Amino acid sequence: MAPVKFKSQLEASSYHAPGGGELYKPLRERIVKQALAQGYDEATMMEHGVKWADDQDPWGHIMNAGFPHYASAVGFRMFEGFEAQLKDKFQDLMQARGIGVIVKSSTLNIKRPVSYPDSIIIAIRINEVKPDRYHVTTTMWSLRQQVSVAESSGWVVFYDYAKAKPANLIEAGGVHADLHAALSEKCRVAKLKKTEWEKAHPRISRNTKL
């Protein structure tokens, strides 16, 4: 899809305005609605407005290293969401005391270049939950292009820093077992939504003749 056109450069960068800019509101709403329908987490969703000087490389598009930073920021917001289950133990996780988290692996697929001016929606979805880890996909959409432009996926491990080994949340019990149950339920709902979306929007092979 060709980037949405604006009457002026100032309009095109109006996502930087307080409130995100009225001209970007329908573009933002369309992507957020799509992301939620695909099972991405609403509470941790973020937006990053591309900055001309900070985000671009000499070729005039977002640096490759930028996308992992955006994915990491949303991943951290998911960690912050654990407070609802961990309660008094939440700061132990954040300070790496006792049971905390470690990003075990991460892959990145850059699908399209993104250039200033533009703004990116970043959202995370849980794909699988095990007793000591969970797998996520983080997708980034361009508001001007109205498509996903990059995707990151990987495993996050719960780690017992005192024992120096992965932590089984079910065996740990208490609030940690509550966290595992909450993540499992979030994963279940996300899978259902993803399946429903894919049934309603089947992928068309590039070799298919229309």
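Computed from a prediction, not measured in an experiment: that's the story for all the values here.
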Single-linkage hydrophobic cluster F82~V175, side-chain heavy atoms < 4.5 angstrom: yes

H16 side chain near K51 side chain, heavy-atom distance below 4.5 Å: yes

pair S152-F67: side-chain heavy atoms closer than 4.5 Å: no

L10, CG atom: more than 12 neighbouring heavy atoms under 6.0 Å: no

Heavy-atom side-chain proximity of V156 to F79 below 4.5 angstrom: yes

Separation of R112 CZ from W141 CH2 (nearest 0.5 Å): 14.0 Å

Stepwise side chain to side chain contact (heavy atoms under 4.5 Å, CB included) check, E151 with L108: CA-CA 6 Å; E151 185 175 281; L108 176 66; over 6 Å; no

Nearest-0.5 Å distance that lies between atom CG in L93 and atom OH in Y161: 8.0 Å

Donor-acceptor under 3.5 Å (S72 side chain, H69 main chain): no

Qualifying residue for salt bridge (charged side-chain N to carboxylate O under 4.0 Å, His left out) with E47, from R28, K25, R77: R28

Check against side chain to side chain contact (heavy atoms under 4.5 Å, CB included), R97 and Q91: CA-CA 8 Å; R97 299 191 302 256; Q91 286 303 322; 4.0 Å; yes

Co-membership, hydrophobic cluster, residues Y24 and L36, 4.5 Å side-chain: yes

Atom pair CE/CE of M46 and M140 - distance to nearest 0.5 Å: 11.5 Å

Heavy-atom neighbours of K111 NZ exceed 12 at 6.0 Å: yes

Student check: side-chain heavy atoms of H48 and D55 closer than 4.5 Å: yes

Side chain to side chain donor-acceptor pair (under 3.5 Å) between S153 and T107, intermediate numbers included: CA-CA 5 Å; S153 63; T107 62; 2.9 Å; yes

Separation of E29 CD from L27 CG (nearest 0.5 Å): 9.5 Å

Lys/Arg N to Asp/Glu carboxylate O, K87 vs E83, below 4.0 Å: no

Cluster link I120 to W52, ILVMFWY, side chain under 4.5 Å: yes

Ring centroid separation Y40 to W197 under 6.0 Å: no

Test side chain to side chain contact (heavy atoms under 4.5 Å, CB included) applied to M45 and I122, step by step: CA-CA 6 Å; M45 201 175 294; I122 311 107; over 6 Å; no

Contact check, side chains of P131 and L169, non-hydrogen atoms, under 4.5 Å: no

Ion pair check, K193 and E196, cut-off under 4.0 Å: no

Which atom pairs, one a donor and one an acceptor, fall under 3.5 Å between side chains of residues 57-65 and the rest of the protein, sequence neighbours left out?
{"unit_1": "D57", "atom_1": "OD1", "unit_2": "W59", "atom_2": "N", "d": "2.8"}
{"unit_1": "D57", "atom_1": "OD1", "unit_2": "G60", "atom_2": "N", "d": "3.2"}
{"unit_1": "D57", "atom_1": "OD1", "unit_2": "H61", "atom_2": "N", "d": "3.4"}
{"unit_1": "D57", "atom_1": "OD2", "unit_2": "H61", "atom_2": "ND1", "d": "3.3"}

ILVMFWY network linking Y15 to V149, side-chain heavy atoms under 4.5 angstrom: yes

E185 side chain vs A181 backbone, donor-acceptor pair below 3.5 Å: no

Ring geometry between F158 and Y134 (parallel below 30°, tilted from 30 to 60°, perpendicular above 60°): tilted

For I126 against A190, the heavy-atom pair lying closest together: O-CB, 3.8 Å

Within one Ile-Leu-Val-Met-Phe-Trp-Tyr cluster: V101 and W155, side-chain cutoff 4.5 Å: no

Donor-acceptor pair, side chain of S14 and main chain of A17, under 3.5 angstrom: no

Worked check of side chain to side chain donor-acceptor pair (under 3.5 Å) between R125 and Q38: CA-CA 9 Å; R125 179 178 63 206; Q38 292 176 337; 5.1 Å; no

Spacing of L86 atom CG and L179 atom CG [to the nearest 0.5 Å]: 5.0 Å

Separation of D178 CG from I170 CD1 (nearest 0.5 Å): 11.5 Å

Over 12 non-hydrogen atoms of neighbours within 6.0 angstrom of CG in D88: no

side-chain contact (heavy atoms from CB on, under 4.5 Å) partners of A12, counting only residues at least two apart: F6, P117, R144

Taking every non-hydrogen atom, the tightest pair across V129 and L183: CG2-O, 3.6 Å

Verdict with reasoning, I99 to D92, per side chain to side chain contact (heavy atoms under 4.5 Å, CB included): CA-CA 7 Å; I99 296 178; D92 288 346; over 6 Å; no

Any Q146 side-chain heavy atom under 4.5 Å of I31 side chain: yes

Within-4.5 Å side-chain heavy-atom neighbours: C187 and K191: yes

